[in-house]
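Accompanying notes for the structure given below.
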Amino acid sequence: MLRPRIIPCLLVKDGGLVKTQKFSDPKYVGDPINAVKIFNEKEADELIVIDIDATRYSKEPDLKLLQNLANESRMPLCYGGGVKTVSQAKAVVSMGIEKVALSSILVENPSIISNIANEIGSQSVVAVLDIKKKKLSANYEIWTHNGTKNSKIDPVDFSLKLQSLGAGEIVINSIDHDGMMNGLDFPILERIYNRLTIPMTIIGGVGNLKDIEEAVQRFKYIGVGVGSFFVFKGKYRAVMINYPTIEERDKIVTNTLL
């Protein structure tokens, strides 16, 4: 039976684990390998790791770091950052990483998703769209290069295009809600989710378990990506890696999927 997925999202910069707010001011919070070990122990559903500077500064994927992460992880792993070619995608999955996330390159060359899907399978190709609401408007636009370039592309229509080209999953990442822990941006998420036939994961804004439960109530078999809430504890944002217990996860599923 399909179940909603609760997914820790780890941001990596210069080999270290960082957290941002609205894609700015990255703060070092620890070693990503140690974080993976903790999420292993807590039996996380899946893990997303994003190198936030790889595309912005035209860096290649850090294959050494990826191999260490893959060797340590006991859960399905998705990696994004700097992947622009079929050969890079194949190198990533050859390490045992289940999914490759593509972002900025999709705006520059959407057809690359078909080329990569043909080589590694659609189920392993994830399209990540970083979105931001337009000022004085109800509409949204896709931003690239870690939120520094506005493509002016509508994320709803583009999601459908990427689905038709072979994406196996769409990830919607809200720049406005990133790291704020003030709830998810449900209006745009609903507009996209209701038109897709492939899995979708939402990231940006989770601040408590009720936010996760509300997401599952609205979307059922959704992936809920969580960053700051799984890294910080309390109002002073002390660094403490955490994840819902099995009992808490079962309660969310029971309350929302009956």
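Because the structure is predicted, anything quoted here is derived from the model rather than measured. Along the sequence shown, residues carry numbers from 1.
Listed for the Ser137 side chain is no donor-acceptor partner under 3.5 Å among the backbone atoms of Lys134. Under the 3.5 Å distance criterion, the side-chain polar atoms of Asn242 are matched with a main-chain donor or acceptor of Phe229. Judged by distance alone, with hydrogens and angles left aside, the side-chain atoms of Asp211 form no donor-acceptor pair with the main-chain N or O of Leu184 at under 3.5 Å. Judged purely by atom type and a 3.5 angstrom limit, Ser103 uses its side chain to pair as donor or acceptor with the backbone of Val128. Side-chain atoms of Asp53 never come within 3.5 Å of backbone atoms of Lys13 as a donor-acceptor pair (strictly under, hydrogens ignored). With hydrogens and angles ignored, the 3.5 Å screen pairs a side-chain donor or acceptor of Ser164 with a backbone N or O of Lys161. Proximity of a side-chain donor or acceptor of Tyr140 to a complementary backbone N or O of Ile142 within less than 3.5 Å is not detected. Without hydrogens or angle criteria, Ser174 side chain to Asp185 main chain gives no donor-acceptor distance under 3.5 Å. Under the 3.5 Å distance criterion, the side-chain polar atoms of Asn118 are matched with a main-chain donor or acceptor of Ser114. The main-chain N or O of Met75 is never found under 3.5 Å from a side-chain atom of Glu46 such that the two would form a donor-acceptor pair.
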Side chain to side chain contact (heavy atoms under 4.5 Å, CB included) assessment of Val12 paired with Ile52: CA-CA 6 Å; Val12 175; Ile52 63 173; over 6 Å; no
Intermediate values then yes/no, side chain to side chain contact (heavy atoms under 4.5 Å, CB included), Ile6 and Arg249: CA-CA 8 Å; Ile6 303 173; Arg249 281 177 274 169; 3.7 Å; yes
Step-by-step side-chain hydrogen bond (donor to acceptor under 3.5 Å, both in side chains) determination, Ser124 to Glu98: CA-CA 6 Å; Ser124 294; Glu98 284 80 5; over 6 Å; no
Steps toward side chain to side chain contact (heavy atoms under 4.5 Å, CB included) verdict (Val224, Phe219): CA-CA 10 Å; Val224 184; Phe219 305 121; over 6 Å; no
Derivation of the salt bridge (Lys or Arg N to Asp or Glu O under 4.0 Å) call for Glu60 and Lys84: CA-CA 9 Å; Glu60 295 276 331; Lys84 295 183 177 182; over 6 Å; no
From CA spacing to verdict: side chain to side chain contact (heavy atoms under 4.5 Å, CB included), Leu196, Ser159: CA-CA 8 Å; Leu196 292 176; Ser159 294; 4.2 Å; yes
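Using a 4.0 Å cut-off between charged nitrogen and carboxylate oxygen, Glu214 and Arg218 count as a salt-bridge pair. Looking at Lys22 and Asp178, no side-chain N of the basic residue comes within less than 4.0 Å of a carboxylate O on the acidic one, giving no salt bridge. Ion pairing between Lys149 and Asp130 fails under the 4.0 Å rule for side-chain N and carboxylate O.
Note that CG of Asn173 is 7.5 Å distant from SG of Cys9, once rounded to the nearest 0.5 Å. Here the straight-line distance linking atom CG of Leu47 with atom CG of Leu77 works out to 5.5 Å at 0.5 Å rounding. Considering NE2 of His177 and CD1 of Ile188, their distance stands at 11.0 Å, rounded to 0.5 Å. To the nearest 0.5 Å, the span separating CD on Glu119 from OG1 on Thr85 amounts to 11.0 Å. To the nearest 0.5 Å, atom CD1 of residue Ile38 and atom NZ of residue Lys42 are 7.5 Å apart. Of the inter-residue distances, the one linking Phe232 atom CZ with Ile241 atom CD1 reads 9.0 Å to the nearest 0.5 angstrom.
Residues Met95 and Leu63 are in side-chain contact: their nearest non-hydrogen atoms beyond the backbone lie under 4.5 Å apart. At least one side-chain heavy atom of Trp143 sits under 4.5 Å from a side-chain heavy atom of Ile175. The shortest distance between side-chain heavy atoms of Ile222 and Thr201 does not fall below 4.5 Å. Within the 4.5 Å cutoff, the side chain of Leu165 has heavy atoms near those of the Pro110 side chain. When side chains are defined from C-beta on, Tyr79 counts as touching Pro61, because their heavy atoms get closer than 4.5 Å. In this structure, Ile7 and Ile203 have side chains that are not in contact, with every pair of non-hydrogen atoms separated by 4.5 Å or more. Looking at Val156 and Arg195, their side chains come closer than 4.5 Å, going by heavy atoms from C-beta outward. Counting only heavy atoms from C-beta outward, the side chains of Val216 and Glu213 never approach each other to under 4.5 Å.
A chain of hydrophobic side-chain contacts below 4.5 Å, direct or via other Ile, Leu, Val, Met, Phe, Trp or Tyr residues, connects Met200 to Ile252. Under a hydrophobic-cluster definition in which Ile, Leu, Val, Met, Phe, Trp and Tyr are linked whenever side-chain heavy atoms come within less than 4.5 Å, directly or via other members, Leu102 and Leu129 are assigned to the same cluster. At a threshold of 4.5 Å between side-chain heavy atoms, the hydrophobic network of Ile, Leu, Val, Met, Phe, Trp and Tyr places Val18 and Leu66 in two separate groups. In the hydrophobic clustering of this structure, Phe186 groups with Ile172; members are Ile, Leu, Val, Met, Phe, Trp, Tyr whose side-chain heavy atoms approach within less than 4.5 Å, directly or through other members. No single ILVMFWY cluster, assembled from side-chain heavy atoms under 4.5 Å apart, contains both Ile120 and Ile48.
Contact record, Asp250 with Arg3: OD1-NH2, 3.4 Å, taken as the closest heavy-atom pair. Across every non-hydrogen atom of Gln163 and Thr197, the tightest pair is OE1-N, 2.7 Å. The minimum heavy-atom distance linking Glu72 with Asn40 is given by the pair O-ND2, 2.7 Å. Taking every heavy atom of both residues into account, Ser104 and Thr144 meet most closely at OG-CB, 3.4 Å. Scanning both residues, Val92 and Val83, for their nearest heavy atoms gives CG2-CG2, 4.3 Å. Here the closest non-hydrogen pair linking Ile113 and Ala127 is CD1-CB, 4.1 Å.
Side-chain contact check for Asp14 and Tyr28: no donor-acceptor pair (N or O, by modelled atom type) lies under 3.5 Å. In this structure, a donor-acceptor pair under 3.5 Å is absent between the side chains of Ser151 and Glu141.
Partners of Phe230 according to the ring pair (Phe, Tyr, Trp, His ring centres under 6.0 Å) rule, which considers only residues two or more places apart in sequence or in another chain, are Tyr243.
More than 12 heavy atoms of other residues, nucleotides or ligands lie within 6.0 Å of NZ in Lys59, so this atom counts as buried by the packing criterion.
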